[in-house]
S.K.: 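First the structure, then my questions, so here it is.
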Amino acid sequence: FNAVAGGTDLKIVSDVSILRPPAPGIKNSLWVVVRKDLADQVKSVADLKGRKIALTALGSTAQFQLEKVLQYHGLSMSDVQIEAVQFPDQPAALANRAVDAALALEPLVTQLQARNVAVPIFEVAIAMPNHPAQWLFYSGDFIKNQPDVAQRFMLVYVKSLRYMEDAWRKGINRDDVVQL
């Protein structure tokens, strides 16, 4: 979105992932995690008031998502301190106590738990059910100069989404998807 605001010719052509309402057997990819050493003190997002939260970038979809999560818990962005920390740097920031919490994405959430660095406290989908979490962009040049490739990619992409949906929602080919 910052690229578009800066004049880059991009088009959103599809969502990539949707935050599904939580259900048995369904784990969404976006969570608020808190440092392991704070887990006894910070049991919910409301307990993050006045604390530092890692966010990949201000002015991003991550900021919009965090705003929705905070609103869901009766807070606003002014109630927390935001630190810009990219996903790959979040484990170190949490481990070094540079931040107290993070808006983290899988597989990072699972890795943080496995390393005893952080624990998930809130699934973002609860605050934003059925909302797109990621998008697929095409450049204007790609659409204009290679429309056949753009269209063929989109066709295969949508088929792959349907295959994944069938696996996770209907149990069709689930073992194949896990292996992939």
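All values below were derived from every heavy atom in this structure, side-chain atoms included, with hydrogens, water molecules and symmetry-related copies excluded.
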S.K.: I need the full list of salt bridge (Lys or Arg N to Asp or Glu O under 4.0 Å) pairs touching residues 124-134, with sequence neighbours left out, sorted by first then second residue.
M.R.: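 Found none.
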S.K.: Using the test ring-ring contact (aromatic ring centres under 6.0 Å, His included), find all partners of Tyr72 that sit at least two apart in sequence or belong to another chain.
M.R.: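 So Tyr72 forms a ring-ring contact (aromatic ring centres under 6.0 Å, His included) with Phe122.
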S.K.: Looking only at side chains, do Gln65 and Thr61 share a donor and an acceptor under 3.5 Å apart?
M.R.: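 Judged by distance alone, the side chains do not pair up.
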S.K.: Test of understanding: with salt bridge (Lys or Arg N to Asp or Glu O under 4.0 Å), list the residues that count as partners of Lys49, not counting sequence neighbours.
M.R.: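 Once residues adjacent in sequence are excluded, Lys49 has no partner under the salt bridge (Lys or Arg N to Asp or Glu O under 4.0 Å) criterion.
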S.K.: Between Val177 and Ile172, is there shared hydrophobic-cluster membership here, with clusters defined by ILVMFWY side-chain heavy atoms closer than 4.5 Å?
M.R.: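 Each belongs to a different hydrophobic cluster.
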S.K.: Can you measure from CZ (Phe137) to CZ (Phe142) and round to the nearest 0.5 angstrom?
M.R.: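 Here the rounded value is 15.0 Å.
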S.K.: With no hydrogens and no angle check, is any side-chain donor or acceptor of Tyr138 less than 3.5 Å from a backbone partner on Val13?
M.R.: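 Judged by distance alone, no pair lies under 3.5 Å.
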S.K.: Test your reading of the model: is there a side-chain donor-acceptor pair from Thr8 to the backbone of Leu10, 3.5 Å cut-off?
M.R.: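 No, the answer is negative, given that no donor and acceptor are paired below the 3.5 Å cut-off.
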S.K.: Salt bridge between Lys43 and Asp47, side-chain N to carboxylate O under 4.0 Å?
M.R.: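 A salt bridge is absent here (no side-chain N lies under 4.0 Å from a carboxylate O).
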S.K.: Check whether Val178 and Met164 end up in the same hydrophobic cluster, where Ile, Leu, Val, Met, Phe, Trp and Tyr are linked by side-chain heavy atoms less than 4.5 Å apart.
M.R.: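 In one cluster with Val178: Met164, yes.
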S.K.: Taking all non-hydrogen atoms of both residues, which atom of Gly59 and which atom of Gln63 are closest, and how far apart?
M.R.: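 Looking at all heavy atoms of both residues, the shortest contact is N-OE1, 2.5 Å.
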S.K.: For Asp141, give me all partners under side-chain hydrogen bond (donor to acceptor under 3.5 Å, both in side chains), at least two apart in sequence or on another chain.
M.R.: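 Expected list: none.
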S.K.: Give every residue pair that meets the salt bridge (Lys or Arg N to Asp or Glu O under 4.0 Å) criterion with at least one member in residues 6-19, sequence neighbours excluded.
M.R.: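 Residue pairs with at least one partner in residues 6-19: Asp9-Lys11.
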S.K.: Measuring only between side-chain heavy atoms, which start at C-beta, is Ile121 closer than 4.5 Å to Val33?
M.R.: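 A side-chain contact is absent here, since even the closest heavy-atom pair is not under 4.5 Å.
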S.K.: Applying salt bridge (Lys or Arg N to Asp or Glu O under 4.0 Å), name anything that partners Arg51, two or more places apart in sequence or on another chain.
M.R.: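 If we apply the salt bridge (Lys or Arg N to Asp or Glu O under 4.0 Å) test to Arg51, skipping adjacent residues, there are no hits.
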S.K.: According to a hydrophobic-cluster definition based on side-chain heavy atoms being under 4.5 Å apart (Ile, Leu, Val, Met, Phe, Trp, Tyr only), do Ile82 and Val124 belong together?
M.R.: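 Same cluster.
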S.K.: For Leu75 versus Asp79, what's the shortest heavy-atom pair and its separation?
M.R.: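 Closest pair (atom of Leu75, atom of Asp79, distance): CA-OD2, 3.3 Å.
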S.K.: Please give me the minimum heavy-atom distance between Ala104 and Leu112, naming the atom from each residue.
M.R.: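 Looks like CB-CD1, 4.4 Å.
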S.K.: Does any pair with a residue in residues 53-77 pass salt bridge (Lys or Arg N to Asp or Glu O under 4.0 Å), and if so which ones, sequence neighbours excluded?
M.R.: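 The answer is none; no pair qualifies.
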S.K.: What are the two closest heavy atoms between Ser14 and Leu161, and how far apart are they?
M.R.: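 The answer is OG-CD1, 4.5 Å.
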S.K.: Would you say Asp175 has more than 12 foreign heavy atoms packed within less than 6.0 Å of its CG?
M.R.: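 No.
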S.K.: Please tell me if the side chains of Asn130 and Pro21 come closer than 4.5 Å, counting only heavy atoms from C-beta onward.
M.R.: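 Yes, close enough: below the 4.5 Å cut-off.
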S.K.: Are Ile126 and Met128 co-members of a hydrophobic cluster defined by side-chain heavy atoms under 4.5 Å apart?
M.R.: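 Yes, same cluster.
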S.K.: Say you draw a straight line from CG of Leu105 to CZ of Phe87; how long is it, rounded to the nearest 0.5 Å?
M.R.: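 Leu105 CG to Phe87 CZ: 4.5 Å, rounded to 0.5 Å.
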S.K.: Any ring-ring contact (aromatic ring centres under 6.0 Å, His included) involving residues 28-70? Give me the pairs, sequence neighbours left out, ordered by first then second residue.
M.R.: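 Applying ring-ring contact (aromatic ring centres under 6.0 Å, His included) to every pair that reaches into residues 28-70, excluding sequence neighbours, yields Phe64-His131.
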S.K.: Search all heavy atoms of Val119 against all heavy atoms of Gln113 and return the closest pair with its distance.
M.R.: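 Here Val119 and Gln113 meet closest at CA-CG, 4.5 Å.
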S.K.: Start with the C-alpha distance between Gln111 and Leu108, add both sets of side-chain angles, then the distance that settles side-chain contact (heavy atoms from CB on, under 4.5 Å), and finish with yes or no.
M.R.: CA-CA 5 Å; Gln111 292 169 352; Leu108 184 60; 4.0 Å; yes
S.K.: Atom CE of Met77 and atom CG of Leu66: how far apart are they, to the nearest 0.5 Å?
M.R.: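 Between Met77 CE and Leu66 CG, I get 5.0 Å after rounding to 0.5 Å.
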S.K.: Before you tell me yes or no, could you show the steps for Glu123 and Arg20 under salt bridge (charged side-chain N to carboxylate O under 4.0 Å, His left out), namely the whole-Å CA-CA distance, both residues' side-chain angles and the distance that decides it to 0.1 Å?
M.R.: CA-CA 10 Å; Glu123 187 174 359; Arg20 303 295 183 136; over 6 Å; no
S.K.: Could you pull out every donor-acceptor pair under 3.5 Å between side chains of residues 88-97 and any protein atom, sequence neighbours left out?
M.R.:
unit_1 : atom_1 : unit_2 : atom_2 : d
Gln90  : NE2    : Val85  : O      : 3.4
Gln90  : NE2    : Leu103 : O      : 3.4
Asn96  : ND2    : Ala92  : O      : 3.1

S.K.: Please tell me if the side chains of Leu48 and Ile53 come closer than 4.5 Å, counting only heavy atoms from C-beta onward.
M.R.: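 Yes, close enough: below the 4.5 Å cut-off.
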S.K.: Linking I/L/V/M/F/W/Y whenever their side-chain heavy atoms sit closer than 4.5 Å, directly or via other members, would Leu58 and Leu30 fall into one cluster?
M.R.: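 Same cluster.
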S.K.: Should the pair Lys52-Asp100 be classified as a salt bridge under the 4.0 Å nitrogen-to-oxygen rule?
M.R.: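 Salt bridge flag = no for Asp100 with Lys52.
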S.K.: For residues 146-162, which residue pairs qualify under side chain to side chain donor-acceptor pair (under 3.5 Å), counting only residues two or more places apart or in two chains?
M.R.: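 Those involving residues 146-162 are Asp148-Arg152.
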S.K.: For Glu83, check salt bridge (Lys or Arg N to Asp or Glu O under 4.0 Å) against everything at least two apart and list the hits.
M.R.: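 By the salt bridge (Lys or Arg N to Asp or Glu O under 4.0 Å) rule, Glu83 matches no residue at all.
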S.K.: Go through the structure and list residues passing side-chain hydrogen bond (donor to acceptor under 3.5 Å, both in side chains) with Asn173, not counting sequence neighbours.
M.R.: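 Per chain and number, Asn173 pairs via side-chain hydrogen bond (donor to acceptor under 3.5 Å, both in side chains) with no residue.
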S.K.: Show the nearest heavy-atom pair for residues Asn145 and Pro147, with the distance to one decimal.
M.R.: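 Nearest heavy atoms, Asn145 then Pro147: C-CD, 3.4 Å.
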